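One structure below.
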Amino acid sequence: MKAKIRAFIELMRPANVITSLTDVLAGMSIVGFLFNLIDLNSVLFLGISTMCLYAGGVVFNDVFDHDLDKTERPERALPSGRILKSEAILGGILLLSTGIFCAFWYSKLSGFIAIIISICALFYDWKGKHMSIFGPINMGMCRAFNLLLGMSVHEIGTFTYAYLILIPLIYIAAITLVSRGEVHGGTPKTLLFALFLFLIVHVCQIYFAYKFGHLYLALPFIATHFYLIFNKLYVAIKNPIGPNIGKTVKTGVLTLILMNAAWVSLSGQWEMAIFVVLLLPVSIQLGKKFAVT
């Protein structure tokens with residue numbers, strides 16, 4: 001039984017699940033809700049929702065990749081036989097259902113956004129990842145709507161700042177683009193384009209931090225994120241082999257927490273931004289024990 005639980009936790013990518021929680025906290029801070037009036041109800045239900053939605057999405061990713069992973073990644077939980085495909089499907093359905101239920105429990109708007117996230121994730125797992133152009137956009141949409149889920153604590157704020165979801169969309173699209181060379185290696189041309197997309201993200205965050213009047217709070221998080229992601233990407237561009245690209249992808253996913261800390265700092269509450277950053281070492285430690293990609 002313990003082996004089954006361990007195998008299912010592997011499928012859920014716990015290190016990544018932590019990053020999805022910070023997406024929602026970032027969304028809440030953008031609409032100015034969480035830090036002007038702390039509402040534990042919203043943090044609880046939307047926090048559980050986003051973590052279940054993310055976990056369910058990545059479980060189904062391995063379900064759809066089952067046959068491919070028998071060749072490319074036989075050590076994973078499903079191809080190794082440590083958990084049955086039927087068990088993974090049932091667990092994935094329960095996770096997605098719980099995520100949607102918790103979102104609807106909070107509000108109808110949150111519930112409908114949760115449904116959109118689930119559809120985007122399942123389509124990516126099924127078809128999107130195989131599409132050269134739409135695939136990265138599809139993956140980016142999952143994170144973009146995750147940020148919107150956090151914004152849904154305030155309906156007017158959701159529609160006012162909805163355009164900001166384009167930034168995490170671009171970021172995740174860039175990571176997804178890079179990840180395509182994780183197994184067999186990539187090309188410098190693809191990695192340079194991803195570099196351009198990452199630069200767009202950082203410049204946009206600096207602009208909005210300045211616009212919101214808290215550049216001095218956001219800049220340390222943005223600068224640290226910039227250094228960590230470009231340090232790995234530079235190595236991959238010089239030598240685009242699978243292991244170097246894999247390190248870039250892992251760093252890009254885990255340091256999403258820093259990008260979200262920058263969003264949180266827009267609220268002016270540096271204490272809460274630091275709290276989000278403190279989730280990074282937790283995510284890193286989980287990333288050492290469980291797969292990230």
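Here the structure is a predicted model, which means the values were calculated and not measured. Residue numbers count from 1 along this sequence.
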Identify each donor-acceptor pair in which a side-chain atom of residues 232-240 lies under 3.5 Å from a protein atom, sequence neighbours left out, and give them as a table.
none

Kindly list each side-chain donor-acceptor pair under 3.5 angstrom involving residues 192-207, sequence neighbours excluded, with atom names and distances?
unit_1	atom_1	unit_2	atom_2	d
His202	ND1	Phe198	O	2.9
His202	NE2	His225	ND1	3.2
Gln205	NE2	Met259	O	3.1

Intermediate values then yes/no, side chain to side chain contact (heavy atoms under 4.5 Å, CB included), Ser110 and Leu46: CA-CA 8 Å; Ser110 300; Leu46 294 183; 3.8 Å; yes
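To the nearest 0.5 angstrom, Arg82 atom CZ is 8.5 Å from Leu11 atom CG. In this structure, CD1 in Ile172 is found 11.0 Å from CG in Leu147, a value given to the nearest 0.5 Å.
Applying the salt bridge (Lys or Arg N to Asp or Glu O under 4.0 Å) test to every pair with at least one member in residues 136-162, sequence neighbours left out, gives these pairs: Asp23-Arg143.
Applying the 4.5 Å side-chain rule to ILVMFWY residues, one finds Leu94 in the same cluster as Leu90.
The local environment of NZ in Lys4 is crowded, with over 12 non-hydrogen atoms from other residues, nucleotides or ligands closer than 6.0 Å. Surrounding OH of Tyr161 are at most 12 heavy atoms belonging to other residues, nucleotides or ligands under 6.0 Å away.
A side-chain donor-acceptor contact under 3.5 Å links Asn16 and Tyr54.
Checked for salt-bridge contact, Asp62 and Arg73 miss the test: no charged N lies under 4.0 Å from a carboxylate O. Under 4.0 Å is where a charged nitrogen must lie from a carboxylate oxygen, and between Glu10 and Arg76 no such pair does.
Considering only residues two or more places apart in sequence or on other chains, Pro136 meets the side-chain contact (heavy atoms from CB on, under 4.5 Å) condition with Ala173, Thr176, Leu177, Arg180. Residues that satisfy the side-chain hydrogen bond (donor to acceptor under 3.5 Å, both in side chains) test with Thr22, not counting sequence neighbours, are Asn260.
Ring-plane geometry between Phe104 and Phe112 is classed as perpendicular, the angle between the planes exceeding 60 degrees on a 0 to 90 degree scale with a lower cut at 30.
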